[in-house]
Amino acid sequence: MNVTLDYGVLAPVLIPALGAVLVLLVDAVLPRLGRWHWAIAAVLLIAGAAACVPAFLSGSDARRTLCLDATQCLYVADRPGSALQTATLVSAAVVALLVLPVRSPADRTPIASALVLTAASGGAGVAAARDLGSWLVLIELATIPTVALVAFRARRSAVDGALSLLTTSLVSFAVLALGAALWFAATGSALLDGDAVLAAAADPQAKRVLVLAVVLIVAGLGFKLSLVPFHAWTPEAYAGASVPIGAFLAVTSKFAALAALLVVLRGVTVLGAPALQAIAVVAAVSMTLGNVMALRESSALRLLAWSTVAQAGWVILPLATVARGAVRAATGYLLVYGLATIVAFAVVTLVAHAEGRGRVVGLSSYAGLFRRRPLAAVTLAVALLTLAGLPPSVVGLVAKVLALRPVAADGLWWLAIVAAVNAMLGLAVYLRWMLAMAGTPAPDTVDDRPHRLHLALVVLGLLALGVTSVAPQLLLGLAG
Amino acid sequence: MVAVLLCAIVVPVVTGALLITGDRFSPAVGALTSWVVAVLGSVVTAACVVLAVWRRPELDHEWVPAIGMRLHLAVDGISAPLLLLTAALGVLVVLHARVEPPTRTGHGTYLGCLLLVTGGAIATFLARDAILFFLAFEIVLVPMWLLIKGFGDPKHRASASAKFVLYTVLGSTLMLVGILGTVYLAGTADIDGLVGGAGLSTTQQTVLAAILLIGLGIKVPLWPLHSWLPAAHTAAPTGGSVLLAGVLLKMGTYGIARLVVPVLPAGVERLAPVVGVLAAVGILWGGLVCLVERSLKRLIAWSSVAHMGFVVLGLMSGTRLGLQAALFGNIAHGIVSALLFFVVGGLKQRWGGDDLAVARASLRDTAPRLGFALVVGMAALLGLPGLAGFWGELLAVASVWNPDGSRPVLLFRVLALAAALGTVLAAGYALRVLRVVWAEGSPAEQAAAPGTPEAAQAPRPAPRPVDADGYEWAVVGVLVLGAVALGVLPTVLLDSTEPAVLHLLEVAAR
Amino acid sequence: MIHLELPLLLVAVLAGTGVYGILARRNAVLVLIGVELVLASAGLLMVTMGSTLADPLRAGHVLTIFVITIAAAEIAVALALVVAVFRARGDIDVTRAGEVDS
Amino acid sequence: MNLGIDAPVQPSHLAILLPALGAVVTLVLVRRSSRLAATIAMGASFLGLFGACALLAQQVEGDVARSPRTIGDLALGGGVTAPLRLLVDDWSVLVCVAVALVAFVVQTFARWYLWTDPRYRQFAATVGLFTAAMQLVVLSGDLVLTLVGWELMGWCSYLLIGHESEREKARRAAYKAFLVTRFADAPLLVGIAALAVGARSTDIPTVLRFWLTEPHASATTLTVAVLGIVCGVLGKSAQIPFQDWLPDAMEGPTPASALIHAATMVAAGTVVLARLLPLVQHADHVRLLLVLLAGGTTVVAALLAFFQQDLKKLLAWSTVSQVGIMLTALGVLPVGSGPDTAITHLIGHAAFKALLFLMFGWATVLVGGTVVPRISGVVRRYPELRRMLAVGFLALAGVPPLVGFVSKDLILDSAAHHAADGDGPALLGLVLLGITTVLTAAYAMRAWLIVHHSTVLERRDDRESFEDSYSVENVGIVELFRDSPQVDEWGREIPVADWVASADHDLEPQPGLLPSTGLLILSFLSVVGGAVVASPLLDLDWQSPDWLLIAAALLLMVAAALLVRVASLGTTYGDASERLPQSWRLLASRGLGVDDAYVGLVVRPVLALARTVASLDARLDRGVEATPGLIRSLGDRTSGVHTRRPTSGLLAVVGGVLVVGVLGVALW
């Protein structure tokens, strides 16, 4: 059996993975490098992202390698997959840059940056994995480091959050493993491609097992996407972790999770199956619960967590249908969500770094941000409006259109109406935060200058939101 | 010429954004500078709009293929009057802001929001791509929310602004769902291409029309989805009220005229009786509430509910006459409600409140100009011939009396009767206002007026002349002239919309 | 050729026991053991199916090894965290976590 | 007027536009000066009269533009055409001239009457607009134009009645007048819409042709539409059941009343119905209803007029009665005959009613009011009023050969002819008209006797001493009303002032030259106006009167007048109605309490409904506002599930897997 191997195609996965080793090696050689590990990590992650660029240049052809024969490849990076790979790596790089200025014990820096690299590598890989084995390995590679990253803050709340994350992730992994086993049992193949699925679908008994497998896999991934009811860890982990790691959980992890989900669903859609009602229900419940809980949340980080839950519902909204372009729609929405969320986290990091973490947790402590830090406040407002999907942030609106399009096209009216109601609730959530920013500031304002790198990232984020608002296709076009 | 189309949208939006940014600096850009910039911006916008309406260029460019949205802008007979109205009101509200500046600091933000709303509305009326239409529809939301929330009546603004923005966003998202469904099933997002049902089955059309009508009905507002409107108007600053009534409500009916009536004829046919009844209930409901409403500004807002009912009724009749009536009614109500909100806003600030139960000196003696404007506005509101309001209502009633053959004739005749009764109610409340505000009272009470508790607790930013003068009189005078011109020469407007209406319904019938 | 029923029954029993352990135990380590039981059932299922199917890649067996490896890695992280929790709080009762918010 | 037939501006346009233009110019350009305003208003009014006369000349010569354009076709999408053209024919030209004349006289009189009024400017402008609106209705050849003029008149009447808006009564009367007529206009609106949409045109000749000749035109629709129009006409012309707004409208200044009562507002109903007469004749049930209501109104209003304690109100009720006669006249005509009898009465009525109102305005200036105690004997005291008042009352009573007699006799004649053919409504109309003729003579006689009463001088002096005295208690109530020497506060006798006793009235206000001339013209027309029946413009059979009918009517009128004269003997003010119970008079002056009925049957229920609706809406609003709370409580409830403990998360995961699994397997 010959297996082809193309390092160029594998580079997005290999560079961060090897980069993790490199960071640890560098630490062994130069123990006092400190925060520069993060710079190395960021550079490596960007390099990995750069390796994805050919996927967007070469046209529509999926990039494949590790092929068993002409049709069966274990690594296929198609357009949405490449987009998610790039997004995973870039967002991880941004997280690395956000962490960079933060003071932390020197011995932890290399480990933490290695963990980020590892998780990013897993996230990048899972998007292209086409067999159960590597899929399982890579998805856990993307998950397990996050537990450690959350726990690193070493506060009691962080440990609690990590424990919550850990237990949920373990159980989810167990569910995933069961799902994978059932998949294997149904199809007799460890490949996640359409042929095996078609073969299994022919046999009604095998089909039933296959459906159960798919559903278990969706449930297992629901944890990673923070879908209700697999979401309970989200607020705890966000509130416990340091702010940039929160961004990692909210953005990078989500990219990886959706990539993993798409790999499975892509195989299943060849069935031309009716809409996945389970996904529709989960999406509806996620949106609603996320928004309702966010509405009564008084902590900004928890609010972001609940917002993630609600947005996750929006992300999988198109996947409840069999309409063309559902995959692209979900990917596109997630890209916009990721951009907006990471910009929001960047602003929160900036404020937290300049004024202390205590000033970013409570919503009320944002009072007067518009006067205190107009740039940061405007950026945050635009990011929040992107999440709410309202102009001036056109890109958020376009994302909403993108997500609703397959649903409306498929005639899932009840789901569309639930989504519309949630668009309203979501707006209420984000407006609450914006209102808090508009209030009069508390008198004891600590007004340190923000770190330049943070400021640069925030400006960059605002620019990115602005540019994509004028030309949303720049971002959405990545997904094909 | 195509640049004119883009300029008409980009100039107000960019100017608005700049003004808002200017406010963020410390120290903020001066009030006068902001105002001059805003005036320039709005005048340039108006010039662009006039040029666009005159030369009718068309821009069709790919924008976001991921959602099938094209940057397709054009002007036709249906949108041209609305565009001119919007641009004109844009200039007027900015001019008026000099007379009635925001009650707190933040001139730039206030003016910027006004311009943004104008720009968004212009974009809405220019858009010829269904999804672009939705996008433009949403642009006005946040600035309008800011206007109400930031510059409104402190007593009501929190809940009113939230109600406005949440209600509207629900409506527009529902509209989006409807648009997306239609666009997907029809296979095109081009508004002109959608006309005629695009081969959709009756059931599909009905579902889509229902969703679209609920969505747009919130914006119009259609009874019983109206409850955001009185609150928003009560709380909004004068400029905001004017734009809200004069422009934003029109976007809803424009949407129905563009996206529902010609696009989903079979669906509208099935839903017309229901919507017609709702509209008629709205007419009577609004009229009745106005008879007992004590807040003057709220009363005008309620009258909007009633008057938009006429427009919707016309749209639901399914005839060319009805469509013409609706388009006319739209413009007429835009002018009249803008006029009334300018006047009433000014009165509210002068009085320090707008409770009708408080005795005040009669307007005809103390402030004859404002009194005259109020009389003209109220007369137009009750549909007096010679003023703008008359034609829309007359034609609407006529069209509803003889609706399209597919509508239940008897029901529609009852609706026509209800609408005619609505005009009686309109007379009732319009004259009630005139009786209390314009005619009643004696000069002796004027001296006592500032000492009333209501006046004492309200903020009084700057003393204003008793009667309108300068910019205020100019702004009000222009609208009075507009109302008279449209009332005396309705042919100007009807002639301009007729070809487009004929074309639309002809294509739809094919 | 052995019958499939027995291994499959064992799979079900293992998975059920594991789920029970996950839900009923308050001690974090015991919860971990519950998870391990479910994973074991998944592994067993894969091996069973792999042995009945004529898969040239021997995917069932390979997958099982993968799962076991991942489980090991997870348990390593998990135990490290359990130690951290114990240090922070003095017990490893999962029902009491999150009682105090920082 | 040398205007070609196809010139864009025709005399008909001028007759309409010039008064309106005058109004606009007055409002826009004139700031303070009443003099300038008066010049403009009277000039415009005169030019309007000139235009009307030019139109008359053209019509007589036969080279008139029959249907001049106005603002062009309304583009209504092709389903319905609205050419918006005028329609000039014989009788409309006559009415046009009458309206212009009355308007001009009213303008000149108002200049004198309201000289010191600070709102004279608005008044003059409104009168101008009012005239224009009425001319539009008269000359309209299009239902829409008719409606435009119709509604504008309503509005102008609102402004005129509420002119002295400091007084609550004036405000209420204005409000009531507009609302009552507007209420009646709602069916009119629907009726016009129905007629126009059915005929696919708003052009009146087209509409008539369609409804009369088209075989598939629905008779029910026609009946409903005509019913609506008749309803509107009844409202505007103050007929039962809408009659009560008109007497209240006396709150307006007297020139306004003259305008409203004589030539415009109330007469518009006749004009419109005359235009659409063929349709009314076609809808038989409606015709019966019209005769019943209008005829009933004539009788009731004439009776009420007899009891009024305010002579201006007497005139108001007499207007109601007279307009009823016109409408009845339209109702009793046989199919195919033109409205010329009613039009003749309209023109005659315009002349003598305007004359009477303006004379009462003059009298008001002199004696300060029109209630019986004040105005009693005014003719004795101011003989210059005598002749013209006499002409007015004689014309009103229908004494030959004055104009009132001519027109009323023609109407009776046509009713009798048609009744003889066995037409029910005509018979009914004949009876009611007959009663009215007698009653009219009676109340006209009563009014004349009051103004002619001779004992006025003494009582007037009593009153003056009463008004001049410093403290009322020093003047005994008995002395006040006795022919006793007047005393001051110390009981000393005071001499009667020279100027009060003397017959020299130079100090009394007198209308100027223009208004006096106007009054003269009106009285002249009231006398000889009957000659109009001989004009070629009216198609009337006046040469073969029914002498028996005339004799009978005259006999009855004389009898009634004599009875009134006898009854008035020995009363304080020469008021014949003093013989009748006080309660009747009170009831009559309250218009039979119809106002209470309006309030009780319409206003209160509507307001109650409005309050209900408002509270319902408040409830709806509360419902909407409760949503956030609902969502919050939902959140609170779900937050109970989120204990922040890992175990609850695990439970949710397992539960979720179960739910999702079941859903997935069951629904796939």
Side-chain angles (χ1 to χ4, degrees), chain A residues 1 68 131-137 139-141 143-148 150-167 169-191 209 216 232 235-236 239-240 299 302 357 361, chain C residues 4 8 11 15 18-19 22-23 28 31-32 34-50 52-60 62-67 69-71 73-78 80-82 84-89 92 94 96-102:
Chain A
M1 198 186 323
L68 302 173
D131 73 293
L132 272 178
S134 44
W135 187 80
L136 274 177
V137 168
I139 192 137
E140 286 313 301
L141 194 58
T143 308
I144 299 173
T146 58
V147 179
V150 171
F152 257 160
R153 212 179 118 241
R155 297 293 193 295
R156 188 164 165 178
S157 65
V159 175
D160 283 349
L163 187 59
S164 196
L165 177 59
L166 176 79
T167 46
S169 83
L170 282 178
V171 174
S172 296
F173 177 62
V175 172
L176 269 186
L178 260 184
L182 287 172
W183 177 287
F184 180 68
T187 61
S189 155
L191 294 177
V209 176
L216 285 184
E236 308 313 316
S299 147
R302 282 174 179 274
R357 185 180 163 94
V361 174
Chain C
L4 278 179
L8 289 184
V11 166
V19 170
I22 291 168
L23 293 182
V31 172
L32 290 183
V35 171
E36 286 304 312
L37 284 178
V38 178
L39 287 176
S41 81
L44 185 55
L45 180 59
M46 286 190 216
V47 172
T48 313
M49 298 314 293
T52 57
L53 299 166
D55 185 2
L57 295 175
R58 298 278 163 222
V62 177
L63 275 177
T64 313
I65 293 171
F66 273 29
V67 169
T69 320
I70 299 169
E74 286 206 325
I75 293 303
V77 174
L81 187 68
V82 166
V85 169
F86 186 75
R87 275 194 196 147
R89 228 171 42 200
I92 48 171
V94 286
R96 282 183 50 199
E99 276 174 359
V100 186
D101 193 23
S102 65

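From a predicted model like this one, the values you see are computed outputs, not experimental measurements. Numbered from 1 within each chain, the chains take letters A, B, ... in sequence-line order. Every heavy atom of this structure was used, including side-chain atoms; hydrogens, water molecules and symmetry mates were not.
Across all their heavy atoms, Leu45(C) and Ala181(A) have their closest contact at CD2-CB, 3.4 Å. Across all non-hydrogen atoms, the minimal contact from Ala177(A) to Met46(C) is O-CE, 3.7 Å. Closest approach of Phe173(A) to Ala71(C), counting heavy atoms only: CE2-N, 4.4 Å. Contact record, Leu39(C) with Ala174(A): CD2-CA, 3.7 Å, taken as the closest heavy-atom pair. The nearest pair of heavy atoms linking Val159(A) to Ala88(C) is CG2-CB, 4.5 Å.
For chain C, the nearby parts of Leu136(A) are the backbone and the side chain; heavy atoms of each come within less than 4.5 Å. In this structure, no portion of Val62(C) lies under 4.5 Å from any heavy atom of chain A. At a 4.5 Å heavy-atom cutoff, Leu176(A) makes no contact with chain C through either its backbone or its side chain. With a threshold of 4.5 angstrom between heavy atoms, Ser299(A) does not approach chain C through any atom at all.
Ile70(C) contributes atom CD1, which lies 7.5 Å from atom CD1 of Ile144(A) (distance to the nearest 0.5 angstrom). With values rounded to the nearest 0.5 angstrom, Leu63(C) atom CG is found 11.5 Å from Trp135(A) atom CH2.
Residue Leu81(C) forms a side chain to side chain contact (heavy atoms under 4.5 Å, CB included) with just one option from Val150(A), Leu165(A), Leu166(A), and that option is Leu166(A).
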